Structures are given as C-alpha cells and as structure tokens.
Protein chains: 2
Amino acid sequence: MAEFQITADVREVRSGVTQALDANQVVEVHYAELPIGDYLLAPHVCVERKAAHDFVASIFDKRLFGQVAQMKATFERSIVLVEGDVFATRSQIAPEALRGALSWLAVIEGVTLIQTRNSVETAAFIEVMARHAQEGLGYEISMRGSKPKDFKVLAQYAVEGLCGPATAKKLLAHFGSVEKVFAATTDQLCEVKGVGRKTAEQIRELVTFPVNG
Amino acid sequence: MAEFQITADVREVRSGVTQALDANQVVEVHYAELPIGDYLLAPHVCVERKAAHDFVASIFDKRLFGQVAQMKATFERSIVLVEGDVFATRSQIAPEALRGALSWLAVIEGVTLIQTRNSVETAAFIEVMARHAQEGLGYEISMRGSKPKDFKVLAQYAVEGLCGPATAKKLLAHFGSVEKVFAATTDQLCEVKGVGRKTAEQIRELVTFPVNG
DNA sequence: ACTTCCGATCCTTGA
DNA sequence: TCAAGGATCGGAAGT
C-alpha cells in the first residue's frame, strides 16, 4: 500500500516519471486534467515539471510566465522542476535570457527551482516532496549545532541564543547565571559594559515575547 | 557607472563572486558584516550563497537550518543559491538526504532555490536578480516597512540552548515566553508532557549554574 | 537531510 | 494503588 496519494496531469504519463513512481510504490498516482501544473502533492503544493528543451521553448513563446503566475496565484507553494540541463539545449537562446527567466521566477514570483537529471530522479524528488507536503518532516530539526557538555560553556551557549557570543560572555560574567541573565530588566542589562539601550531592549523584547501555542 | 547597489558580506570576497561582479561593472558592491545571509539585493531580498561542498557541510553541522530560519524571520524574500553540483560532491552524504534538504527548503520552508554552476554564473545571477529586486518588484514592496522579526522562531532558537527542538517547542507553548521557561521550577517543568524529572533537573542545573567571572 | 541507537517518558497491565 | 513491563518519543552521533 502506497503511503501517499498525489494527482498528476494526464499528459504526464508520457514523461516516464509516473512509471518510475509506480515502480517505487511510495506514492499512489491519480490522474486528472489539471488546469495548472503537472503534479499536485497536497492541496497547497503544486509542481510544474518541464523537460529542459520545453523549459527553453516556454520562455520563447512566453507560456512559462503565464503558467507560473497562475500557479503562484492558486497555490501556497509553487515549484518548477526542470529535468535535464537547460544550458545544454541546442537552441538559440542566450544564456542571459535564460538567467533572466530563472531570476524572474525566483525574485519576482518567489518560485523555487529544482533541477534533476532525468525522469527517475524527478520521481525521487516528487516522492520526498509529497511526503514533506503531506506530513512534514515527521520530526523536529534543531536550529542549533551540537551542544557542548561542559557546564560553563553550555551556559554561555544558552545565552548566545539572545545575542552574539561576545555579549553572551559578558552578560554571564556580570549576572552569574543563565537564570539571572534571562530575568534581568532593561536597566540591569544596560549596566553591562558593551550593552546599550538598544541591545538591552532587543533582548527583553525577545525574552518577554508572548508565544501563543 | 554601475546601475545598482548591493551589499555583500565581507567574507564573500573569498568566493570569487565579487571579483566577477566588479569586472562587469553592472552592480556596485558595498561590503558589511551581514548578520545573516551573504548578499542584500534590496532591503527585503536576501541571498545566502553556498558552494556545493559547503551546502553539504552545513547540513552535517546543522548551520543551514538556523541560517535559513533566521533569514526567513527577517526578510520578505529569502533565496538560497547553491553553486555547483551538490550530487557530485564527494562526501558520505546519502542522495536521499540531499534531496530531502532541497525539498525541505522548497516545500516546508518555502525558500526560493537557485542553482548555478560556478562563481561566474553566480555573479551573473546576482546581477539580474539585483535588477529584478530593485526595479521589477516595484516600490510597493521595496517601500514597505521592513518585515517584523519573527520572534517565535528566535524564541525557539533561544530555548533550544537548553534542550532538543521538540521539547523547546512544548516548553514555549506551555509557559508562553522565553522568560518563563528559564524561570520555571523543576516541578513546573515536569508539568509539560514529555518532560520528566531527569530532563527538568538537567535544565534547572544548567539555568542555575553559578558562573564565576 | 536521513539513519541508527540509546535512554527518558509515558502508558498499560496486573497483582 | 503502584511497580514492572513494554511501546513510544526525543536526543545525540554518525553518514
């Protein structure tokens, strides 16, 4: 039994991607005539897959921009997946035009670009992306690197969540414990050499910020 | 006279990108110590550039996740530019981990991803992206006040100094602010699902540890 | 990112 | 009711 369900545009059967998906048995592919995009990984995630030569062609005839604009307007996450090497296509397109198009996608539309080598790799990407779209990572990832074990260093590490390492050291030396640094008022923070009103206020703002579930 | 002004992190001079930018005379590069990201193309458009091998390295040591979180918390448009073929790096990383990382950026974080082959191409991209960012976006975006920092992310970052990411999330949800988490007693910490005596005591021990100047 | 491994936490049982 | 057992989750380390 496949773990995830996705919808593919009927025309994508010619791409070789769906065969690879079927073989892996990770996602179950349903077909439909999608008005925009080629793969629907979740209600809010859409993928437009383009073979390199088609990607280039769609820049020429301006199809790409309309498609992406529509996709952007409809979905929270729009992904353009380019299969093959666009710079290797034998066409008269100037590299600048190519970059212009890619940059437009990235900066103006905020679309992300995934490059793959072939349909098998495309399928592999569709699988992970479907999983991420439907159930997230399945675990939490830490934003911070591995922690030190020595208490003194660990204490400093904890305070570094508020400011830079240099300031953290000074704060800790002044207040004597992590607890006291996090409980200090703006005025008390200002007493520390190197901490001004601005830094102090930023620290307090972060420390007192109300987090709602 | 250069058409556009951008700001680059001082450490980027080693990348070869800035030399290429200087040669082309299209953008004028100003240098600063950027707290996050490598290039500021407009007040709200930030680019984090990573050479393929560094991209992989930053997955291993978890730098990537904090960087992306902070970039997203601060800028309207966050772009991760990967230079070189990540799949070709000779490291022990599994291809699915690599795909997972790229998919995570695109699907979960909603960060825009651009891939280039070398520093010259990166420079070319920076140029056209700068143009798009400064002209194409129109003043309604570039004039808008800077995005309010996402304190929720930063708060989580701070609490992760004490424990893992999952517990950090629960602690914050339970206590409502960083301050309260750091002030909670052992018993109060134990009220949180997933936190037992052992974890609670470890947290308290760290938080109250006396640091001698 | 993913995987594996281990210890902590929680939950169920059954005396 | 409470301890012992097992299932589950979270963190740390390695690729």
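So that the names make sense, note that chain A is the first sequence line, chain B the second, and so on, each numbered from 1. Since the model is a prediction, treat every value here as computed from it, not as a measurement.
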Between [N] ([atom2]) and [X] ([atom1]): distance, integer Å:
X	N	atom1	atom2	value
B:Leu98	D:dT15	CG	P	17 Å
B:Lys62	D:dT15	NZ	C1'	11 Å
B:Lys170	C:dA8	NZ	P	16 Å

Can you list the steps and then say if A:Asn24 with A:Glu127 is a side chain to side chain donor-acceptor pair (under 3.5 Å)?
-> CA-CA 9 Å; A:Asn24 293 0; A:Glu127 285 169 4; 2.8 Å; yes
5′-ward residue of the pair A:Lys147/B:Ala97 relative to DNA chain D |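 Nearest nucleotide further toward 5': that of A:Lys147.
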[X] side-chain proximity, nearest of [options]:
X	options	value
B:Phe60	D:dG11, D:dT15, C:dT9	D:dT15
A:Arg131	D:dG11, C:dA1, C:dC2	C:dC2
B:Lys193	C:dC11, D:dG11, C:dA1	C:dC11
A:Ser146	D:dA13, C:dA1, D:dG10	D:dA13
A:Lys149	C:dC2, D:dA13, C:dT9	D:dA13

Looking for any heavy atom pair under 4.0 Å, which part of the strands does [X] touch: base, sugar-phosphate only, or nothing?
X	answer
B:Ile59	base
B:Ala94	nothing
B:Val86	nothing
B:Val195	sugar-phosphate

Would you please confirm or rule out a distance under 4.0 Å between OP1 or OP2 of D:dG10 and any side-chain N or O of B:Thr199?
->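 No, no such contact exists.
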Can you tell me if the side-chain N/O atoms of A:Tyr139 get under 4.0 Å from OP1 or OP2 in D:dG11?
->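 No, no such contact exists.
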Identify the residue among B:Phe175, B:Tyr157, B:Phe151 that makes a ring pair (Phe, Tyr, Trp, His ring centres under 6.0 Å) with A:Phe209.
->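 With A:Phe209 as partner, ring pair (Phe, Tyr, Trp, His ring centres under 6.0 Å) holds for just one option, B:Phe151.
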Min side-chain heavy-atom separation A:Tyr31-A:Glu12 under 4.5 Å =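 No; the side chains remain at least 4.5 Å from each other.
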Under a 4.0 Å N-O cut-off, is there an ion pair linking B:Asp187 with B:Arg197?
->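 B:Arg197 and B:Asp187: salt-bridged.
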